[in-house]
Structure formats: structure tokens, C-alpha cells
Number of protein chains: 2
Amino acid sequence: MVTIYDIAKEANVSPATVSRVLNRQGNVRDETAQKVLKVAKKRNYSPNTMARSLRTKKTNLIGLIIPDIENPIYPAPVRGIQDVANRKDYSVIIHSTDGDERKEIDTIRRLTAVGVDGLIINISEACTLLVEEIRRLRRISLPVVALGPWHPDLEIDCVSVNNEKGAYMATEHLLKLGYHKVAIIKGPEGNISSRERFLGYKKAMEDYCEPISEGMISEGNFKLGSGYKAAKRLIEKNKLDAIFCVNDVMALGAMAAIREEGLRIPDDIALIGFDDIELANLSRPSLSTVAQPKYETGKIAAELLFKQIEGKLSSGKYYSIEPNLVIRETTLKVKEMTTT
Amino acid sequence: MVTIYDIAKEANVSPATVSRVLNRQGNVRDETAQKVLKVAKKRNYSPNTMARSLRTKKTNLIGLIIPDIENPIYPAPVRGIQDVANRKDYSVIIHSTDGDERKEIDTIRRLTAVGVDGLIINISEACTLLVEEIRRLRRISLPVVALGPWHPDLEIDCVSVNNEKGAYMATEHLLKLGYHKVAIIKGPEGNISSRERFLGYKKAMEDYCEPISEGMISEGNFKLGSGYKAAKRLIEKNKLDAIFCVNDVMALGAMAAIREEGLRIPDDIALIGFDDIELANLSRPSLSTVAQPKYETGKIAAELLFKQIEGKLSSGKYYSIEPNLVIRETTLKVKEMTTT
DNA sequence: TTGTAAGCGTTATCAC
DNA sequence: GTGATAACGCTTACAA
């Protein structure tokens, strides 16, 4: 390995000068700088970043902790984070912890030992030990930002999709098209995202003065089959002309159920989902949905992190990302369909 | 930050002893060891890994370079790599380089500067500069393994799915079910994977003495629409009773085309894809396909890397991963369907 | 503008 | 068994 001492010797200067040149600190005669640069290039010099880090207490590394990179929700925000990090000449260390509190804490420990300059965490649940650990990070003033649901007791920056608003938009879209009896297929009671989305749905219905009867609310577990069953139940019980599903997969299940009942989409029942998974665009009819700007979410989280790294104090604020309505075939107005 | 000096002082021993204890090197009286351990725990000591790395030349970091984490092919192998790395107390730094040679080289440089103990690369194409860079890594004897298509001129370990075999299995499956006129929708000429899969198809057809007429070969670009069009062309030109598509997405397109022609799947035309994307199981009828054990691929790559890291010389061998046939509704024999 | 030297927190080589 | 002490490669006062 070639060091600044090697360069220094060959360029007939001191190691300090080499360092100054390489870090463009100025205070160096242009001539000597050129000389150093030339030798460095010739010897294919590349600084030893751990030695540098040991001195400067900066590693140009950030840590990212998520439950599982295999979960299709994550690749996009991860890429967003990578892109802003790499542009700043940072690398990102990624750990999948399966939402296991023990693993999460161990990983945080390991990452701080490595000396990452900042940390982005997707907290599964705010268990007490984990919260304590994150507090510790704040105490040693390590920049941290949370990706995903907010935990108010943690005073850290947080960026998350505005689930309520997205649900509102979806429901309102249905309502504006002239559908009145909009049913909902929601997720398990405990799930935060589902709860937020249900709230948005309710608000829209209220704002448009549409009553929600009990028969219009059905619950699934985010999986295909549960959407299918929930839709069947809905169709049985009630006259309804549209369904909002809190995720696309259940919407796809519902689509199958509706078809089986001999009903047409969107003629008899309009359908809209949430997430904009790839499949939404491939199904027939293609599924209208609410898209989360997932890449953006990661990008913003990273930008917040770098603001902290660059010295700005974190405000412990909640950054809400605006979702987008994606209109496809399952919510085309019948009239519009026949005229086109 | 608490250092071994702090621990040493508080435990009334020398820093050297603390280090010995913490690294379980032995040669330390049990009593003193306990004392040190207690203080370390109490002070919540965690070693500074950059300082350690500076001495030991080991970072417990490995680098991973892929084109794009957002491409659904990658999350699974990435997770495989993470799992074996984390179990060995390693972290993995992941970069998405969009298959851009310049970025790939820069990233390799950066990662070696960081001092990763090994590197896993998914080489898009073996451009000369990149090849040169990888040779350099071998020269400084940094462990490297390639994930994906092999480049024979690079003498490094490589792990990749056996595309030819997978295609053979798919085709043979169709043939064994009694289909004879098996058409293929392949990918762009330049694509290595597609070429390998085409080879497997051809071999199976030959082995079963089925002639391949020109009208049975169609080409797409891996996207949905191209599969649709390719299938239409196929149906027009020829009597065929089955189609093998070199990827699932095109198979889904083909499915739509077949349905539009008023033909039934698998009664009139059987259909099989390659990749086993999530969608394959959700479509109706569900799509038979060839699954690549993607997680396994990453796992094996990482295991090979650690073998190198732990001192075994790399053999520059090609590790071929066996694909699995996933039989679903699009290749059910009609007879079987009616009897069940 | 340049050089000397101290130190970042470890580990490893010696002595004792 | 244990303790000084010298690296590891770099940055940065401080001097010159």
C-alpha cells in the first residue's frame, strides 16, 4: 500500500504538504502541488480512509436499518438514500433486521462502533429498549432520522408517507366520479398505516356527506385471499358501487371476487387500491391506486440526515410525503369509457 | 468516547491487558479478566473499529456492487449476502451503479480505499477498463466474487443461475405433458441470459426429436407489451400448442394475447415463463415458471467470498445454481384438470 | 509556503 | 501474566 510518506519522499516534500495538497487546503505553492499530484497519480495513490477517519472522526459512511430488503416496499427508498449519499461521496451500510428488536439494537451498536456519520432507521415498533438505544444515539449526538411511522416520544426527524391524505384522495376520487356507496377493505386493527388510511377514508366520506354503514367496512390482512373474502362479504351484505382497499394486493383479490360475482369493473363496482405495486399496472383491468413516492421518501430522509451531519440541528420534525393518485381502468367513469 | 485507556485506568491494569481480555487472547489471569470485563460492561465500552482496522488491516466490511437495488432481481440475493455476512459479524456496503462502467470503477476504488475485506460484484458487461480494475484487485489480493454471468477472462469465483438447464426443464416439462409444438419467446439477441435459455430450449426440443420451425421463434424485449405482440405473431403464423417465454413478464403479455384470440390456457395453448416473479402466482390462471433460487445465489456468493477472506485461495470456478420448476395452472394437463 | 511532530484508539512485540 | 512502547496512515497545530 502506498502512503503519503511514499509520495512525500518521491516528490521531495513533507507528508504534511502531501496531505494539504490532497485535501485542497490551499497554502501550497502551485508548483509543489502539481508535483505532488503528479506523483500521487503515477503511484496510483488512494488515501487510507480508516486512518483518515481515526483522525477526523468522519467515516463517510452512513448506516441504514430496515426490516427486510426483500420486502418490495424498501428497494425504492434504499435507492433514494444511496443516490444522495453517493453523490456526497458517502457509502451506505445496509442491514436487514426483520424488525427484531434485539437485532436492531445490536446493529445500531455495531454501526456506531464502525463510526458511521449518521443512521437512518425504519423502526418496526417503538419497543422500550429500542427507544432507549435511540435516545443514547441522541446523547452522543449521532445524526439519526426515522423512515416510516412516527414515534412521537422519539424526538428525531422522521419522514413518512401521508397515509391519511392518500386515502382521502382515493375516496374523494371515487366520490367525484359519482360513486356514492364507497366501501372499504382495511387492514388489521393494530396496523398504523391501515388505521391512518381508514381515517382518510372516513374523513372524505364525511366531507362529501356520504353515510358509512357498518356493512361497508370489511377487514383483511393485506394478503390476496383476504381481499377476496372481504369483497365477497361486502357484496353480499350491501348495495355498494365502489371499494377502496388499503393496499393493492387485497384490491387484486377483490377484483377476482367481483368478477366471480358476475359484476363488471368499473361499471358495476369501481375499485381503487393503495401502494401502486407493479402488478397494479399489469392486471386487467389495470388497477387505480395511490402511489407512494417511495424513492422520494428515501431521498428526503437522506437529505435530512446530511443536514444534521453538516451541522444543522435536527428539529425532530415529521416530514409528510404527499402521495399521488394513479388513475387506471378500475375507476374510469362508465360514460368516459363509452365515449372514448 | 470511552477507550481502553479509560477501562485500563479504572481496572488498574494496562491498556495492553484490556486489549488482551477483550480479544480473548488468553495469557491473562482469570481474575483480572473478570475485573476488566466488569468495568468494560459498566462503562458501556465498545471498541473503535477504525482504530482496530488501522492496526489489523481488517474492517469486517464487505462491498457489494449491483446495477440497481430497485430491480426486483436483486433484493433476494442481497438478503442472502447480508445474512451470511451478518452472521460472521460483517456489515455490507451496497452500491447501485446502474451498470455504468465509470461508476463501477469509481465504486471499486472507493470501496478498496474504505478497506473492505472483500467484494461481490455483479458485472454488467466485461468492459476492458473494468476488467483491468478487477485484475488490479486480484493483484492486491483482495477477495472478489462475481454474481451473475461469467466472464471467462476474469479468473475469479463466480456464481450464477444455470439458465440453460432451467430452460431445458421448462421445455421438457411441456414436452412430457404431451405438448409437441413448443414455441419460444426469447429476449434481445445480445442478452446473455436469454441466449443461454434459448440454448436450453433448443436442446430439449432436439432431445425429444421435436423440430423447431422458424415460425416457432419470436423475440421480445423482456417487457409486457413485447410478450403480447410476440405471442400474437406466433399464433398467427403457426399451429402451436405451447409457449416457453424466457421471462415471466413477457409470459404475462402472452397470456393476454392468447386470451384475446379466444384460446384457452392451458387447454389450447400451455404457457410457461422464467424467473418466478411474484406476479406469476397472482395471475389467473397462475403462471408456471422456472424459479431461480435468488436468495441462495447471494448466499453462496457470500460463502465463497468468506472462504477467500479466511485464507483459502479462490479457484476461479464457476458455480452454477440449479433452478426449480414451479408448476401452476398454465401447464396443467387438460386430462388432469378434468379428473381433479 | 513548508516541515516537524503529536496524536487518533487499537494491537502486537518486546521485555520483565 | 503483565506492562511499556512502537507502529498503523493520516491530519493539524505549531514552528520555521
Side-chain angles (χ1 to χ4, degrees), chain A residues 1-40 43-61 89 109-117 140 142, chain B residues 1-37 39-40 43-61 89 109-117 140:
Chain A
M1 162 165 268
V2 29
T3 74
I4 48 171
Y5 282 81
D6 301 323
I7 308 294
K9 207 182 293 172
E10 193 164 335
N12 283 316
V13 294
S14 76
T17 301
V18 175
S19 175
R20 276 191 282 258
V21 172
L22 265 22
N23 294 302
R24 354 189 108 55
Q25 289 195 239
N27 289 337
V28 133
R29 222 175 53 202
D30 207 53
E31 198 182 338
T32 28
Q34 294 310 322
K35 196 167 53 179
V36 168
L37 253 16
K38 207 166 82 185
V39 177
R43 298 292 304 273
N44 208 332
Y45 170 80
S46 148
N48 180 320
T49 61
M50 355 176 205
R52 172 179 290 174
S53 298
L54 191 54
R55 274 296 317 217
T56 60
K57 267 84 183 66
K58 270 198 68 197
T59 52
N60 275 43
L61 252 27
D89 208 35
R109 285 257 157 77
R110 157 138 245 282
L111 255 15
T112 56
V114 168
V116 292
D117 295 341
I140 63 175
L142 182 78
Chain B
M1 163 165 268
V2 30
T3 75
I4 47 170
Y5 280 82
D6 301 323
I7 309 293
K9 206 182 294 174
E10 194 163 335
N12 283 317
V13 293
S14 75
T17 301
V18 175
S19 176
R20 274 190 285 259
V21 172
L22 264 23
N23 294 302
R24 354 190 108 55
Q25 288 195 240
N27 288 337
V28 123
R29 222 175 52 201
D30 208 53
E31 198 183 337
T32 28
Q34 292 312 322
K35 197 168 51 178
V36 168
L37 252 17
V39 177
R43 298 291 305 271
N44 209 330
Y45 170 79
S46 148
N48 180 319
T49 60
M50 346 171 213
R52 172 179 289 172
S53 298
L54 190 55
R55 272 301 314 219
T56 61
K57 267 83 183 69
K58 269 199 68 197
T59 52
N60 277 41
L61 252 27
D89 208 35
R109 285 258 156 79
R110 158 138 245 282
L111 255 15
T112 56
V114 169
V116 292
D117 295 340
I140 62 174

Neighbours of DNA chain C within residues 43-51 of chain B, by heavy-atom distance under 4.0 Å:
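By residue number: B/Y45, B/P47, B/N48, B/A51.
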In Å, rounded to the nearest 0.5 Å, how long is the span from [atom1] of [X] to [atom2] of [Y]?
| X | Y | atom1 | atom2 | result |
| --- | --- | --- | --- | --- |
| B/R52 | B/N48 | CZ | CG | 9.0 Å |
| A/N12 | A/T32 | CG | OG1 | 11.5 Å |
| B/M1 | B/Y45 | CE | OH | 8.0 Å |
| B/N44 | A/R109 | CG | CZ | 5.0 Å |
| A/I7 | A/T17 | CD1 | OG1 | 13.0 Å |

For nucleotides 1-7 of chain D, give me one character per nucleotide, 5' to 3': B if any protein heavy atom sits under 4.0 Å from the base, S if the only such contacts are to the sugar-phosphate, - if neither.
SBBB-BB
Listed partners of B/R43 passing side-chain hydrogen bond (donor to acceptor under 3.5 Å, both in side chains), at least two apart
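side-chain hydrogen bond (donor to acceptor under 3.5 Å, both in side chains) list for B/R43, sorted by chain: B/E10.
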Tell me, please, which residues at least two apart from B/S46 pass side-chain hydrogen bond (donor to acceptor under 3.5 Å, both in side chains).
none
A/N60 side chain to A/D89 backbone, donor-acceptor under 3.5 Å
yes
Would you find a donor on one side and an acceptor on the other, under 3.5 Å apart, between the side chain of A/T59 and the backbone of A/S53?
no
Kindly say if B/R52 contacts the phosphate of C/dG9, meaning a side-chain N or O under 4.0 Å from OP1 or OP2.
no
Does a side-chain N or O of A/Q25 approach OP1 or OP2 of D/dT12 to a distance below 4.0 Å, or not?
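Yes, such a contact exists.
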Expressed as a whole number of angstroms, how long is the span from [X]:[atom1] to [N]:[atom2]?
| X | N | atom1 | atom2 | value |
| --- | --- | --- | --- | --- |
| B/L54 | C/dT11 | CG | P | 11 Å |
| A/L22 | D/dC10 | CG | P | 9 Å |
| A/K9 | C/dT4 | NZ | C1' | 16 Å |
| A/K35 | C/dT1 | NZ | P | 15 Å |
| B/N23 | C/dT13 | CG | P | 13 Å |

Applying a 4.0 Å non-hydrogen cut-off, can you work out what A/S19 is touching in the nucleic acid: base, sugar-phosphate, or nothing?
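Result for A/S19 = base.
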Applying salt bridge (charged side-chain N to carboxylate O under 4.0 Å, His left out), can you list everything that pairs with B/R55, at least two apart in sequence or on another chain?
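Partners of B/R55 by the salt bridge (charged side-chain N to carboxylate O under 4.0 Å, His left out) criterion come out as none, since no residue qualifies.
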Is the shortest heavy-atom distance from the side chain of A/D117 to the side chain of A/L142 under 4.5 Å?
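Contact flag for A/D117/A/L142 side chains = no.
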Difference in axis direction between the ends of the helix from C/dT1-D/dA16 to C/dC16-D/dG1, five pairs, 10°:
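Between the axes fitted at each end of the helix from C/dT1-D/dA16 to C/dC16-D/dG1 lies an angle of 40°.
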Considering only C/dT10, C/dC8, D/dG9, which nucleotide approaches the side chain of B/K57 most closely?
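Looking only at side-chain atoms, B/K57 lies closest to D/dG9.
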